[in-house]
Amino acid sequence: MAITELTLTRPDDWHLHLRDDAMLAAVLPDSARRFGRAIVMPNLKPPITTVAEARAYRERILAAVPAGSAFEPLMTLYLTEATTPAHIAEAKASGCVHAVKYYPAGATTNADSGVTDLHRCRAVFEAMQKHGLPLLLHGEVVDPEVDVFDREAVFIDRHLTGLRRDFPGLRMVLEHITTRAGADFVAEAPAYVGATLTPQHLLLNRNAIFSGGLSPHAYCLPVLKRESHRQALLAAATSGDPSFFLGTDSAPHPRHAKESACGCAGIYSAHAAIELYAEAFDSVGRLDRLEAFASFHGADFYGLPRNRDTITLRKQPWRVPEEVDFGGVPGVPMRAGDQVAWWLVD
Ligand code: DOR
Ligand code: ZN
């Protein structure tokens, strides 16, 4: 019989953009309602590059957590060419910084301070390997000669293979994978090389950007890929392989910043995140594997205890609003105006 109600150990979001100030206050309740913890991306303006900044940002997030929620932000540092092994030792000792995020310079939103040449970070990678601090990779090249749809595969060939060879013990997460090449790389690597998967890359292919006209709300980075890649990602997510875990990459931008001559990359999914993953797993008859993907694999990878409480989902369609408030500015959530098949029971 088809499953219509599902109780899961409370999931965690291993890749989340919470922003700051009014936008933080507006979006955080969506994540806190669903997830126990989240790995919080450091790409603020200016980026979070020191433990002191991470601690201060963590306090601002905690101050915005709704009453009654035990949501816990897990902080990250933004890797720059000025990051040193001493920063890494301090981050590890802090107890509040759980990873370091690599952005190729200029790759995406607030990535201007990112790294231009990975070779400049070798001493830092040595330190991360020694301290067991995971490196979170925005795995794309920014070489303008490379086709935008090939940027992940080329990153794997040009950089990731060498990084694995030179730092064989470095814990890594290939974030928001979008291709079969990404899924294969992680499946073949040891257990301490993981990947996060977003709801949009499991549910949409690149046609979504162009169907019925150009849709800036389907634009994120790495960009959506063709259907065969989506199917490979869905197979990886539902395979039961503990290297694959939930990371929404929910990334709020004001409506006007997306509906623009130069629209920002990012899809907001926090308002329906676990519900959308349930749809994806349901579409291939693998709801039985949702809990491990959403609630166990990431915690195990990061060496953190699994959550103890639960959430319940019901198969009951509901309509996503056309627009939501991002703290005094409107934003357009994933599936705006359309239905989501699963409902989070309070
Ligand atoms: O689509 C994206 N949005 N990809 C990223 O890598 C960054 C994110 C953001 O911060 O908006
Ligand atoms: Zn992201």
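The residues of the chain are indexed from 1 along the displayed sequence. One-based numbering, in listed order, for ligands and for the atoms of each. Remember, predicted model here, so these are calculated numbers, not experimental data.
Note that CG of Leu197 is 4.5 Å distant from CD1 of Ile177, once rounded to the nearest 0.5 Å. In this structure, the separation between OG on Ser243 and OH on Tyr192 is 11.0 Å, given to the nearest 0.5 Å.
Nearest heavy atoms, Leu170 versus Phe125: CD1-O, 3.9 Å.
At under 3.5 Å, not a single nitrogen or oxygen of Cys220, backbone or side chain, sits near a nitrogen or oxygen of ligand 1. Checked against a 3.5 angstrom limit, the closest N/O atoms of Tyr103 and ligand 1 fall outside it.
Of the protein's non-hydrogen atoms, the one nearest atom 5 (C) of ligand 1 is Thr108 OG1, 3.1 Å. In terms of protein heavy atoms, atom 1 (O) of ligand 1 is closest to Leu221 N, 2.8 Å. Of all protein heavy atoms, the one closest to atom 3 (N) of ligand 1 is Ala265 O, 3.1 Å.
For the 3.5 Å distance criterion, the side chains of Asp30 and His271 fail to qualify, holding no donor opposite an acceptor. In this model, no donor atom of one side chain and acceptor atom of the other lie less than 3.5 Å apart for His176 and Gln200.
Under the side chain to side chain contact (heavy atoms under 4.5 Å, CB included) rule, Trp342 has a single partner from Arg314, Gln316, Lys315, Glu5, which is Lys315. Tested against Met334 for a side chain to side chain contact (heavy atoms under 4.5 Å, CB included), the candidates Val320, Leu204, Val340 yield a single pass: Leu204.
The proximity of Ile267 to ligand 1, defined as any non-hydrogen pair under 4.0 Å, does not occur for either the backbone or the side chain.
Not less than 6.0 angstrom separates the ring centroid of Tyr102 from the ring centroid of Tyr78.
Within the sub-2.8 Å shell of the Zn ion (ligand 2), the protein contributes these N/O/S atoms: His15 NE2, His17 NE2, Asp249 OD1.
A cation-pi arrangement is found for Arg206 relative to Phe149, the charged atom lying closer than 6.0 Å to the ring centre and inside a 45° cone about the ring normal.
Close approach to His138 involves these atoms of ligand 1, each under 4.0 Å from a residue heavy atom: 6 (O). Counting the atoms of ligand 1 from 1 in the order shown, those under 4.0 Å from a heavy atom of Ala251 are 3 (N), 8 (C), 9 (C), 11 (O).
The shortest separation from a heavy atom of Arg19 to ligand 1 is under 4.0 Å, placing the residue in contact. The closest approach between a heavy atom of His253 and any atom of ligand 1 is below 4.0 Å.
The backbone N or O of Pro216 lies less than 3.5 Å from a partner atom in the side chain of Lys258, making a donor-acceptor pair.
His119 NE2: 12 or fewer foreign heavy atoms inside a 6.0 Å radius.
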